[in-house]
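A short write-up of the structure that comes next.
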Amino acid sequence: MSPATAAAAVSAPASAPTPAPVFVLAAPFSGASRLTARLAGHPALYALPELCLFMADTVGELLDIFRLSQGPHADGLLRAVAQLEFGVQADPEIEAATQWLAQRREWTVGALLDELARRVAPRRLVIPDTETPLRPNDLRRLRRHAPTAVAVQVVRHPWTQAQRLVRWGHDRLFIPPDFKDHAWDPPLIEPQVPWLRANRNIEQRYADAPQRLHRVSDESLDDAPSATLTALCRWLELPDDAATLDAMHADEAAWAYGGHGPRRAPYGLEAEVLEMPPARERGEPAAEASLEAVLPWRPDGAGFDAGVIALARRYGYR
Amino acid sequence: MVLDSVIDEVAGALTEADFRLTCDSGFGDGWNHYAHSMAWFRGKLYVGTSRASMAALRLSTPTPRMFPWPILAPDDLYDIDRRAQIWAYTPETDTWERVFRAPTVAGTNNRDVPSYIGLRGMAVYQDAGDRAPCLYVTTWSPHTAHSPDLLRSEDGLHFAPVPRPPFAPTVRAFRTLQPFQQRVHISPTASGTAQGFQQDISSEAVVYANADLRTDQWVAVSEEGFGNPDNVTVFEMAEYDGHLYGGTINPVTGGELWKTRGGDMPYRWEPVITHGAGRGPLNEAAATICAFKGALYVAFGIINGGYHRGAKVGPAAAEITRVWPDGQWDLLVGDARTTDQGLKVPLSGYGPGFDSMFNGYVWRMCVHDGWLYAGTLNWTNTMPYLPIGFWPEDVLALVQRWGSDHLLARYGGAELWRTHDGVHWEPVTRSGFGNKFNWGFRTLASTPHGLFVGSANPFAPNVAVKRDGRWCYVDNPRGGCEVWLGSTADRVDGRSAA
């Protein structure tokens, strides 16, 4: 038994009503972290980094997955617990958060979510998530463990999303197999794969509860930021006065999780927020985005897949 | 990545706790390695065994690289009693009875040899000459004996061969037996000579049909390999949407799926899936096929446990697809890829082998009480005997990160998964029902008493273990095939029966 698991177990508290959390669901590199940073400025909300909660049913299983994972999946949850339970995100508090979670191995991830929600109440939790949408079972866990939650689906033009993912993957040693086209040897990084998987899964999971899902295009945050955030606030039944909107447009650095975390848990947001400059600063005008484009990352000169085109057109992209 | 189950207590859905062991240790004889065939017939469950499979595997070509060999067996395979057996289970009395043991014949090696060393398929079918449905059993014969037979039994006690198909002498087994349009269809599977044998690849890739099993009027109803010489075996068949489907082993371009409307013989066949559904030889074989809720589920894998070393295919884990009547297909479990039908992404979210590289194939699928169950072959527990130093670095890194002891303890053993829609898959067990020596779930049968699951467990009657740094062989009480029964009828603690 490791020292962490040897720590005294803590029972889950009795369930008590907490404000319904808001999950910001999206395909990777589609703007989930970016929108969450905007929502972090709303005084009625408390935005966390990505928690990756729904890979498992219990905290113990989740910690096992984090331990075996090749990615920094644990960082967001560790940062959140460090901040909410111990007051600051620093390496000693990250270690304390690790112990805190180990003492709650028997908790369900739903109980953990409730505990985090209690810590920030009466504000509502906002949690970006680009892992859960990749897997139908994980989305089902979300619905089961967070039955009152609502979801915001963020979509981005597949061209823009692809440009960002390919650029990020260019110098990576490890790219998740979920991001690849395995018809090639070696498998080819193909952003359409996670784009199609995630968006299709989100739609199917919420087909029986469309009132719990609100779709936002990432581009609308640039083209009509106030209107977009106003509409979102109204859907969430939150104040949308001018002062609130100003707060939502404030510097992302004001968000406790807006940058890198400490050395022991540096990540927790998408790489495009932490490591890549905004698209507009790199000269990636949205006008270049086209569903008719030849895809430069593909050696075969192919364009977008017909399924991707059909879904993207339904989202209003051309 | 998935570690453990997403178990919803859904009516009719079986969980690991719903299963109980009805027989262990190969019916008391560890040489019964595989519960290789299974059928519900006249109120009893029938299980046909294959004997000493791990001992024979050492003589297959090429010989698998394992050291030490996982079991200690005589140098001469014929020193082992390999007469295949059929056992019958009576649920009301919870008892097993051996109802058949293969006879011996004078072998070409001047010894008495078993007629059948394995019984790889069963079906209940009423043929033209049958007064009632009969139990038919496909067999596996050693190369020193006669060609394999199709056995018939009216009562579940007496078994006798019907006239054989015109197999070439090198054909040593057949497994799939598919009734369709009042004809029985079979296809050869294994081949063998004195130079060695292959347990899955046949010397013929032909579908034979017979409308009256009292006669030897077997007719080849397909071209060799459906016209593709790279299709070396028609490995599995199923009826779906008014068609007969046949899935192949193809180590060159990947497994294929063909279908026919039947009618006049020989049949006209058309391809449904080629090139391993766009995965090439990594989907070498259509290993199991099953109709479920309007679609045909086809699981692909690589023979010999996920690594066909003789053909340099693999290692790789299994995929599951489903085919619709119009030929469109979905990728359910597997690797995303562009195909001639466009981009396919795994609808379940799981990669090959349900995200486990050790699930070399899905061996059997079965519908029970509105759910589709899929049993895998999982080779985790052969790791101690494998030269893992030759493995790719990324695989080694994965094993080291998990820890081989942890892997064996928690995930050594076959997996059984279930789904109600083809998209949401949940594990029933990922550890061979707690027995790591159950390396495969080879047989599944839906019955009024529940779902029976038969294992392949060739780590008997002894197994190699390392003690004090040295290998030795010890008796293995958990070796030999097992048969489990899953039912919701006995649920307790407020869990409602369905």
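The analysis underlying the following values was restricted to heavy atoms, covering all of them including side chains, and did not include hydrogens, waters or symmetry mates. Every chain is numbered from 1 and lettered A, B, ... according to where its sequence line falls, protein lines coming before strand lines.
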Chi angles and distances behind the side chain to side chain contact (heavy atoms under 4.5 Å, CB included) call for A/R141, A/D57: CA-CA 7 Å; A/R141 279 197 192 93; A/D57 282 315; 3.3 Å; yes

With a 4.0 Å cut-off, would you call A/R264 and A/D75 a salt bridge? no

Using 4.0 Å as the upper bound for N to carboxylate O, is an ion pair formed by B/E319 and B/R337? yes

Under 4.5 Å from any heavy atom of chain A, what part of [X] do you find: side chain, backbone, both or neither?
X	value
B/R401	both
B/L282	neither
B/S348	backbone

Relative to each other, are the rings of A/F29 and A/W168 parallel, tilted or perpendicular (30° and 60° limits)? tilted

Do the non-hydrogen side-chain atoms of B/F354 and B/I320 ever get within less than 4.5 Å of each other? yes

Is it the backbone or the side chain of A/P177 that comes under 4.5 Å from a heavy atom of chain B, or both, or neither? neither

Taking the six-membered ring for Trp and the single ring otherwise, decide whether the centroids of A/F23 and A/F54 are under 6.0 Å apart. yes

When the aromatic ring centroids of B/Y411 and B/F358 are compared, is their separation below 6.0 Å? no

Residues of residues 185-199 of chain A near chain B, each having a heavy atom less than 4.5 Å away: A/Q192, A/V193, A/L196, A/R197

Under a 4.5 Å heavy-atom criterion, the part of residues 297-310 of chain A in contact with chain B comprises A/R298, A/D305, A/V308

Is a donor from one side chain sitting under 3.5 angstrom from an acceptor on the other, for [X] and [Y]?
X	Y	value
B/T380	B/N378	yes
A/E50	A/T130	yes
B/N228	B/E256	yes

Reported CD-to-CG distance for the pair B/Q328 and B/D330, which is rounded to 0.5 angstrom: 8.5 Å

